[in-house]
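Data block below; observations after.
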Amino acid sequence: MAATNAGGPVAARADEIWKVYGSGEAQVVALRGVSAEFGRGRFTAIMGPSGSGKSTLMHCLAGLDTVDKGTAHIGGTEISKLGDKALTRLRRDRIGFIFQQFNLLPTLSAAENIKLPLDIAGRKPDPAWWDTVIDTVGLRDRLGHRPSQLSGGQQQRVACARALIGRPDVIFADEPTGNLDSRSGAEVLSFLRDSVREHDQTIVMVTHDPVAASYADRVVFLADGAIVDELANPTPETVLDTMKRLDKHTDPVML
Amino acid sequence: MLRATLKSLLARKLRLVLSGLAVVLGVMFVSGTFVLTDTLNRTFDSLFSDVYSATDVSVSAKPKVEVSEFEGEQVAAPLPAAAIDKIKSQAGVRAAVGRIDVDGARVIGSDGKVLTSMGPPRLGANWTGVDAVMDMREGRGPEAPGEIAVNATTAELAGYRIGDSVPVLTQQPKREFTLVGIWGYSGDRDSIGGTQEVAFTTPVAQELMLGEKDVFTSVTVEAADGVSPAQLRDQLAPALGADYVVKTGDDLAEDSSASIKEGLGFFNQILLGFAGIALFVGIFIILNTFSIVVAQRTRELALLRAIGASRRQVINSVLVEAVVVGLIASVLGLAAGVGAGAGLASLFSSLGGGGLDLAPVGVPPAAIISSFLVGLVVTVVAAVMPALRASRIAPVAAMQDVATPDRPLTRISVAGTVVTAAGAAALGVGLFTDAGDADLWLIFGGVLVTFVGVALLTPLISRPVVSLLGRLFSWSVPGRLGRLNSGRNPRRTAITAAALMVGIALVTGVTVVMDSAKSSLKTEAASILKSQIMISGDQNGPRPPTFDPAVIQKTDQIPGVRAAAAMYNDLVAVGGDQEYVTATEDLAILGQAYGTTAATLRDDQIAVSGPQATDSGWQVGSTVTIQASRGEQHTYTVSSIFAENTLPGSIIMPGAAIKDFGITQPTFGFVRLDDGVPVSAVLPQVKALLADSPEVSATDQETWVNAQAAQFDQIITMIQILLGLAILIAVLGVINTLALSVLERTRELGLLRAVGLGRAQTMRMVTVEAVVISVFGALLGVAVGAGMGSAVARALEDDGISQIVLPWGRMGTYLGLAALVGVVAAVAPAIRAARLNILNAIAHD
């Protein structure tokens with residue numbers, strides 16, 4: 001099935017994306033013709049068991065990985081045909097990233113890490129937006145610290161601020177709370193949700209945690225490289241139910 | 001445990017290659033040196049046994065002044081013809097032939113230029129017929145005074161054929177001869193060892209090469225049947241007495257080889273010294289590599305500790321890795337050294353005129369032993385510190401995300417200060433006090449210890465300096481990231497930079513000393529030397545270039561010339577010591593020409609310089625007995641003592657002594673003009689007078705002084721070449737550090753690329769890091785080298801270095817080159833960093 005956005009403008013789109021790793025007997029099909037749309041100003045979670053292709057889908061959408069067939073769009077730009085230079089610029093100017101861990105350069109202070117994409121692009125942050133972002137993530141008194149002097153939750157909030165500061169078209173978050181305790185995780189997730197609600201930011205988050213997914217506006221479920229279900233306005237319970245249901249369908253044998 | 005070590009080693013081939021390469025190059029230098037000298041030794045052995053193969057026994061007069069290979073050419077004392085008759089009358093002698101073989105017969109080629117020699121002598125000989133090893137190629141031996149024969153090498157180099165008129169310079173001015181014969185040697189050789197030979201009739205050879213009638217340089221004696229050369233030698237020696245030296249052909253071959261070997265041994269030690277420097281630098285690189293590797297393996301080693309490996313086992317695992325790297329590097333270095341040695345030997349042979357038949361290249365045991373010893377010791381010594389550090393990794397580190405806190409630099413800095421002070425003290429004692437033979441070792445050791453000390457201090461210095469240097473690049477984001485990266489691990493940056501420092505410090509030090517000497521020479525020449533025109537030539541063979549003394553007399557006649565004087569040189573024996581002396585026809589004229597006032601010397605008077613008088617304990621009126629290269633010894637009275645450098649040389653002999661000199665033609669001429677006469681009015685006329693003395697030329701003072709000063713530049717160039725390998729190894733170190741850093745920061749690079757750092761920017765970031773490290777090393781080197789060089793120059797004040805000159809231009813060049821080196825060193829690691837697959841990099845653990 002194809003996951004379509006219920007009307008409204010689209011920030012990122014996958015059209016019939018195929019992704020195959022290896023060849024011959026070792027061949028693994030990670031994505032089998034996935035089509036999906038991610039609406040602007042929406043917080044979408046991509047869920048699925050390990051090996052379902054959820055991270056691959058995100059990497060293809062974010063221009064970190066190439067697709068074998070099909071196309072990926074960010075806004076109106078088809079990124080599957082871009083070269084390294086254009087992709088680099090795209091990531092720098094139109095996409096924000098939050099990874100599970102190792103988000104920050106150890107040599108730079110928190111403030112410098114936040115400004116990094118803008119610095120690379122040679123731009124200055126808008127002072128008002130800077131203050132908004134810093135205050136929202138609550139890091140004003142930590143700006144001069146190095147990552148090694150920050151807790152895991154604080155580091156992840158710095159990473160969020162970095163993703164937000166350039167007002168990218170889309171922020172892709174890959175298990176952003178995977179390494180955090182539940183309280184820090186909740187802080188980061190509400191912060192992400194607030195940035196969508198209050199600042200109209202678009203976020204696509206990959207996770208396998210139903211609680212994390214419940215912060216999103218919409219959840220897309222993947223299994224075996226294909227989209228198998230989706231859920232609007234999820235709660236932890238509805239997400240968990242859907243996953244249990246999918247497990248029965250799609251997990252016949254463990255190899 | 002061993003298996004785990006070897007597996008981990010194989011898994012990191014890159015680091016094996018990089019750390020090993022420094023050792024390979026150092027070992028190559030060492031083994032190459034041994035292979036080169038061994039090959040040359042055997043080449044000369046066979047060369048000399050060839051030269052003397054036709055000789056049973058040779059008799060020569062005891063030399064008047066014993067000269068070793070270092071000091072110059074041995075001048076054979078003349079042996080009177082009467083001795084031949086005496087030898088012939090002895091039992092066991094079948095035949096005895098008087099021979100003349102003297103270096104210094106210089107053929108002027110068909111192009112008007114004197115044939116040069118890079119080492120082999122240019123012999124003037126008497127023709128004694130074709131012997132067993134000779135082979136007449138064309139024509140015949142000389143029979144009339146105007147005829148000569150030459151060996152095929154000479155004929156070919158000079159471009160003459162039978163019947164041509166050949167000009168030859170000897171102890172006499174240029175003379176023309178008709179070429180009547182060309183000979184070669186058995187085995188189709190044109191010469192033995194590239195020697196140029198000219199054969200005259202015996203009386204002409206006596207006149208031109210010895211300056212005396214009826215004398216020879218040696219007598220070749222053929223033994224009667226049944227008498228061995230050794231027996232004949234033992235019979236002849238007592239019969240002829242102590243004034244004669246009797247040797248068999250084998251003895252002579254051995255002696256000649258031994259004296260060449262002495263020279264080669266010296267050469268060998270110099271090369272090994274430079275190899276030592278290269279290896280010293282190599283230690284820094286290996287130390288750094290192993291430190292980085294241990295840091296990167298922290299988790300792995302901690303895991304090993306957690307599952308029960310002992311500290312000793314952890315130490316051993318690092319040392320085993322070092323041994324394996326050392327062994328492989330030794331084998332490769334040995335192989336490369338054999339190749340390099342063979343290449344250098346053939347280069348040496350072709351420089352010597354191509355006449356040397358190189359012995360087959362062999363691998364002497366010394367090369368093998370030293371290769372393995374040096375390779376293993378250097379690697380293992382360098383790995384000891386990292387191994388100890390590895391053993392201190394706590395087992396819990398396996399469970400933690402590695403964030404090794406920066407260890408404080410206090411201890412290492414205190415140690416560095418102490419070691420630097422000790423090195424500087426040793427250097428100072430060696431330079432400024434007279435500790436005899438220990439001086440050289442104190443200086444050498446002092447320099448090395450100082451290097452180690454400064455290297456230990458480098459991490460402390462690196463923080464401010466690197467951050468300052470890096471600011472030059474901070475205008476761009478990649479530049480700023482590169483600067484931050486280079487300041488990230490002060491120890492790593494420091495050791496890498498220190499390795500580069502060693503080579504650059506030595507080059508800078510030598511440059512400071514040479515430039516100081518050069519500038520002192522120029523200043524001194526300008527203030528003392530009043531001659532406007534000099535006559536001199538470049539060394540073009542074992543003997544110095546000379547010219548016709550008549551040129552000086554004719555120059556004196558040129559209108560506008562105030563005084564013209566010639567200078568002659570010899571190495572003489574004064575008591576038991578050897579001294580270089582100069583002589584001139586009339587010291588009063590030389591004084592005038594040179595720019596000072598001096599009185600004419602009587603035939604039994606000498607003038608000496610102040611320092612010479614002090615050293616020898618002479619005063620005006622002292623008597624000095626001097627034995628020149630030829631003739632009898634004479635006693636002279638010191639008639640005056642002149643201030644140093646106001647006249648050329650330190651012992652000046654009267655004109656009457658010149659005939660006994662080894663070379664009886666002048667080597668230098670000084671011409672002073674009347675006031676107001678322009679140089680251009682006289683110089684062309686002097687040049688015209690020198691038409692028949694093509695070895696020398698007349699130049700104005702400035703040109704001459706510059707040419708003298710240029711010799712110092714040659715030394716600088718030579719040192720730069722010899723230190724090139726040490727610097728190359730240091731460059732490898734920069735590459736190594738960067739490559740390992742790039743590897744270590746894979747995830748960071750992935751992150752940077754993900755948030756939008758372009759490939760070109762990534763490369764720039766790595767390049768800035770390399771440039772900062774290299775320039776930092778060069779800066780240290782230039783500073784340390786300038787300090788050391790100034791100290792040495794200061795210590796040589798008594799030897800004529802009156803001022804210390806810091807070569808800012810060259811120092812700037814070294815810094816610029818270091819920046820270039822950084823750029824070059826960054827190429828491979830930068831490309832690697834730019835090509836990183838972002839996804840893999842992010843997932844990298």
Side-chain angles (χ1 to χ4, degrees), chain A residues 19 21 30 55-56 58-60 62-66 83-109 112-123 146-150 152 155 159 162-163 165-166 168 171-172 174-175 179, chain B residues 400-406 463 466-467 470 474-490 492-493 741 744-765 768-769 772 831 833-845:
Chain A
K19 182 76 190 172
Y21 294 108
S55 288
T56 307
M58 192 201 89
H59 292 152
C60 290
L64 290 173
D65 207 345
T66 55
D84 180 73
K85 239 186 198 149
L87 273 180
T88 303
R89 215 171 312 127
L90 178 93
R91 290 197 301 266
R92 191 183 76 192
D93 298 337
R94 294 177 59 190
I95 295 178
F97 282 105
I98 304 165
F99 298 108
Q100 179 175 10
Q101 55 177 341
F102 206 81
N103 264 304
L104 309 176
L105 281 198
T107 45
L108 301 180
S109 67
E112 287 170 325
N113 264 299
I114 296 172
K115 272 187 285 191
L116 186 61
L118 293 178
D119 277 346
I120 294 173
R123 287 189 293 165
R146 296 280 152 112
S148 58
Q149 297 163 310
L150 299 174
Q155 289 185 25
R162 183 193 62 211
I165 198 71
I171 290 175
F172 289 102
D174 190 355
E175 305 271 13
N179 266 17
Chain B
Q400 294 166 339
D401 216 1
V402 202
T404 339
D406 262 356
R463 285 215 168 130
V466 163
S467 109
S474 289
W475 44 268
S476 74
V477 176
R480 200 160 49 105
L481 291 172
R483 175 192 68 139
L484 288 172
N485 282 339
S486 56
R488 212 157 151 176
N489 194 326
R492 193 184 294 180
T493 302
S741 297
E744 195 176 66
R745 298 181 198 142
T746 302
R747 282 206 291 183
E748 251 177 86
L749 287 164
L751 175 70
L752 276 167
R753 296 276 287 124
V755 300
L757 197 72
R759 283 201 168 137
Q761 288 174 308
T762 310
M763 291 178 73
R764 215 180 315 151
M765 176 178 82
V768 164
E769 186 177 354
V772 167
I831 290 178
R835 284 216 187 124
L836 271 180
N837 178 308
I838 302 172
L839 280 179
N840 292 346
I842 294 169
H844 182 87
D845 194 23

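Numbers restart at 1 for each chain; the letters A, B, ... are given by sequence-line order, proteins then strands.
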| At a heavy-atom separation under 4.5 Å, does B/Glu748 approach chain A through its side chain, its backbone, both, or neither? | both
| field | Check: A/Arg162 side chain, A/Phe97 main-chain N or O, donor-acceptor pair, under 3.5 Å | value | yes
| Is there a donor-acceptor contact under 3.5 Å from the side chain of A/Asn113 to the main chain of A/Leu108? | yes
| field | Heavy-atom proximity to chain B below 4.5 Å, by part of A/Leu104 | value | backbone
| message | Taking every non-hydrogen pair under 4.5 Å, which of B/Leu751, B/Leu484, B/Leu481 racks up the most with chain A? | response | B/Leu751
| Is it true that a side-chain atom of A/Arg146 and a backbone atom of A/Thr107 form a donor plus acceptor pair closer than 3.5 Å? | yes
| message | Among A/Leu116, A/Asp119, A/Ile120, which residue has the highest count of heavy-atom pairs closer than 4.5 Å to chain B? | response | A/Ile120
| query | With only heavy atoms counted, which part of A/Asp84 is less than 4.5 Å from chain B, the side chain, the backbone, both or neither? | reply | side chain
| query | Which bit of A/Leu105 is near chain B, if near means a heavy-atom gap under 4.5 Å: side chain, backbone, both or neither? | reply | both
| message | Using a 3.5 Å distance criterion without hydrogens, assess whether the side chain of B/Arg753 forms a donor-acceptor pair with backbone atoms of B/Leu757. | response | yes
| query | Do B/Arg759 side-chain atoms and B/Ala834 backbone N/O form a donor-acceptor pair below 3.5 Å? | reply | yes
| Considering only heavy atoms, which portion of A/Gln100 lies under 4.5 Å from any heavy atom of chain B: side chain, backbone, both, or neither? | neither
| field | B/Arg483 backbone acceptor or donor facing B/Ser486 side chain under 3.5 Å | value | yes
| note | Whatever's closer than 4.5 Å to a heavy atom in chain A on B/Arg480 counts as side chain
